[in-house]
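Take a look at the structure below.
Remember, it's a predicted structure, so these values are computed and weren't measured experimentally. A note on names: the letters A, B, ... follow the listed sequences, proteins ahead of strands, and every chain is numbered from 1.
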There are 2 protein chains.
Amino acid sequence: MATIEDIARIAHVSPATVSRVLNRKNSVIPISEKTIKKITAIAEELNYTPNAFAKALRTQKSNIIGVVIWDLTDPFFSEILRGIDEILGNEGYNLLLSSAKASIEHERTCYEKLMEVRAEGILVVGGPREFQHEEIIRKMNKPVVFVGSRVDYPEASSVSVDNMYGGEMGVDYLLKKQCGSYFFMSCNKPTTDLEDRWQGIVRTLQQTGMYAQANLIGVDFGEEQSYKAAKKFLNGAVLPAAVFAMNDFSALGIIRAANDLELNVPGDVAVLGFDDLSFSRYIEPRLSTIHQPRYTLGEHGAQLLVDLVSGKDLTEEQRHIVLAPKLVVRSSA
Amino acid sequence: MATIEDIARIAHVSPATVSRVLNRKNSVIPISEKTIKKITAIAEELNYTPNAFAKALRTQKSNIIGVVIWDLTDPFFSEILRGIDEILGNEGYNLLLSSAKASIEHERTCYEKLMEVRAEGILVVGGPREFQHEEIIRKMNKPVVFVGSRVDYPEASSVSVDNMYGGEMGVDYLLKKQCGSYFFMSCNKPTTDLEDRWQGIVRTLQQTGMYAQANLIGVDFGEEQSYKAAKKFLNGAVLPAAVFAMNDFSALGIIRAANDLELNVPGDVAVLGFDDLSFSRYIEPRLSTIHQPRYTLGEHGAQLLVDLVSGKDLTEEQRHIVLAPKLVVRSSA
DNA sequence: CTGTTAGCGCCTTCAA
DNA sequence: TTGAAGGCGCTAACAG
């Protein structure tokens, strides 16, 4: 690979001059037109590509933002990632993606790698509730932003969706729509998100005095688990007028159970999801759900981190962004 | 950040010794137990993290494999990515992800970035049919493997699914199942994959003498487009007994149209998808489809590239892996 | 406007 | 078993 020195030799100038020409946009150092032309021509000719390592070593600036993502395949996260990518690209940072493969163990090695490349800041996308790496992150002593999960730990910054509000919204909607009957909400609690939704639900039920009429049932994660649970409770003594699922996959399971039992959705039982994943607008019945602005989540997270990295002094409040979810009414509820 | 020299100074040894200790696993150079202990202790104490740039610069080895992904949010690709990540992690390579954001323009900058970090090999995941960057890739003079798209260009290696076979399989299945009536297949042609499927379909129809009875209709990409088209042709003079969609999203659109027209799937019209995306097993009716081994696709691609990078001499045949798709019968067809 | 010099942090001969 | 020296490619003073 051609180096700056190669170019310098051919152009009969010093390496410094070559460097200046190649990076001239930033600086105001005057250079003669002639040398500029000569050098760019030679660089082109040799197919010169700057060596990022040498540059980073010399300037002590990696230009890298690390993204630690809990589960690459989760459709929820991948859209966040695109929002991040967009901003980081615009801001001139390189994105180094490190997948934790849904394992705490792997997550640690992610941080190590990012330290080795001297990442200037880190975005942590998703992950389980009990955050295990506080000490590591503190040792890194670099700006960190958590995206898509609420983190109770003061130094950190975060961007998340107001899940409590989402829960409230969902309950409000269902209460207004299917008046006077029982409600079942399925839930489980491994993440902060789910806990918050749950809380929003409970609170709204209490405030409206409907708590007694509601049946709150905990279900494990996933479509299959929701399906099994729904199969049971939709066959119980009283048919719920509506079910508020904890996410879209869960809603899918509930709808499937309803179909098996020859119940019409939303006629016999309404089903409301959460997340608004891409397929939810396409399935039959089209899923009513609480939309989470995932792309925007990523954008805000990245922007926040960039600000932090560039040394902006932000208040506690500015460092904790909360976005509002949105009710999307389609045909399942 | 602590450097090797810092450690050396504190330990009263030379930087060389520290380096030896810190990298001793590879080499056979004998070092005294005492200095090993002393140095590792100090390194630990100072929270020493090797500087990847300095190391790469010195050793002229980046340890980076670049992954250029056409569209990060496409669920099809993200699973491939995980397969890649798995292998590359095991082999000790760092994965540098570069998203093309579904733009030819951006794709070029991806390659540039990867060159700057001296990536040792590149995986190109997805992308449009007319591959525009042949010249760039050739200039890079590095091993390149295309994953998930057939590429007609000899130096390259590739891992793809036998889409033609997938098309054949689908037609075979439908012909046997819904005998004696008309078939409609929706299609469009921007990617090699789709073209191959199309070819498989046509060939099978010809071989079985059913070509005359089949209606082949071209549709633009996406659920919405398929929906609109299906709305029309499901309302035509003759109702097709089955529709073979070009992918699962298209199948979704066709099913939605059938529902709108109060046609039963698969009773009135069977619908067969292609891809087997995660939601397809959950929707109602559960989608029968042609499964593509996406995770495996990624694994093979990464392994192939690693072999190439490490200088293995592979035959033309070994450099072009083709995986078989699989028919998954659920309830839509 | 351009050249000289020095050094970022690391590894690797070569010598002891 | 250890140390000294040099250099990977680049940029940033400083000095012309």
Checklist entry - Which word best sums up how the rings of A:His133 and A:Tyr111 line up, parallel for under 30°, tilted for 30 to 60°, or perpendicular for over 60°? => result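 Ring orientation of A:His133 relative to A:Tyr111: perpendicular.
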Item to check | Ion pair A:Asp85/A:Arg82, N-O distance below 4.0 Å | outcome: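 Judged by the 4.0 Å cut-off on N to carboxylate O distance, A:Asp85 and A:Arg82 do not form a salt bridge.
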Donor-acceptor list for residues 136-146 of chain A side chains, cut-off 3.5 Å, not counting sequence neighbours:
unit_1   : atom_1 : unit_2   : atom_2 : d
A:Arg138 : NE     : A:Glu155 : OE2    : 2.8
A:Arg138 : NH2    : A:Glu134 : OE2    : 2.8
A:Arg138 : NH2    : A:Glu155 : OE1    : 3.4
A:Arg138 : NH2    : A:Glu155 : OE2    : 2.8
A:Lys142 : NZ     : A:Ala119 : O      : 3.1

Can you check the [X] [atom1] to [N] [atom2] distance for me, whole Å?
X       : N      : atom1 : atom2 : value
A:Ile31 : D:dA12 : CD1   : C1'   : 14 Å
A:Ile4  : D:dC8  : CD1   : P     : 14 Å
B:Asn23 : C:dC10 : CG    : P     : 10 Å
A:Ile7  : D:dG9  : CD1   : P     : 12 Å
B:Arg24 : D:dT1  : CZ    : P     : 13 Å
B:His12 : D:dG3  : NE2   : P     : 11 Å
B:Phe53 : D:dC10 : CZ    : P     : 14 Å
A:Lys61 : C:dG9  : NZ    : P     : 16 Å

Is the distance from OP1 or OP2 of [N] to the nearest side-chain N or O of [X] less than 4.0 Å?
X       : N      : value
A:Ser19 : D:dT11 : yes
B:Thr35 : D:dT1  : no
B:Gln60 : D:dG7  : no
B:Thr3  : C:dC8  : no
B:Ser32 : D:dT1  : no
A:Ser14 : C:dG3  : yes

Which nucleotide, [options], lies nearest any side-chain atom of [X]?
X       : options                : result
B:Ala16 : C:dC10, D:dA4, D:dA12  : D:dA4
B:Thr59 : D:dT1, C:dA6, C:dT12   : C:dT12
B:Lys55 : C:dC8, C:dG3, C:dC10   : C:dC10
A:Asn51 : D:dT11, D:dC10, C:dC10 : D:dC10

Checklist entry - Given that B:Pro15 and B:Leu57 both sit by DNA chain D, which one's nearest nucleotide is further toward the 5' end? => result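 In this pair, the answer is B:Pro15.
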Checklist entry - Going by heavy atoms in the side chains, are B:Asp6 and B:Met1 under 4.5 Å from each other? => result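 A side-chain contact under 4.5 Å is absent here.
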Checklist entry - Has the side chain of B:Arg20 got a donor or acceptor that lies under 3.5 Å from a partner of the other kind on the base of D:dG3? => result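 In this structure, the two groups form a donor-acceptor pair.
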Checklist entry - What residues, two or more places apart in sequence or in another chain, satisfy side chain to side chain donor-acceptor pair (under 3.5 Å) together with B:Lys61? => result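 B:Lys61: side chain to side chain donor-acceptor pair (under 3.5 Å) contacts with B:Glu120.
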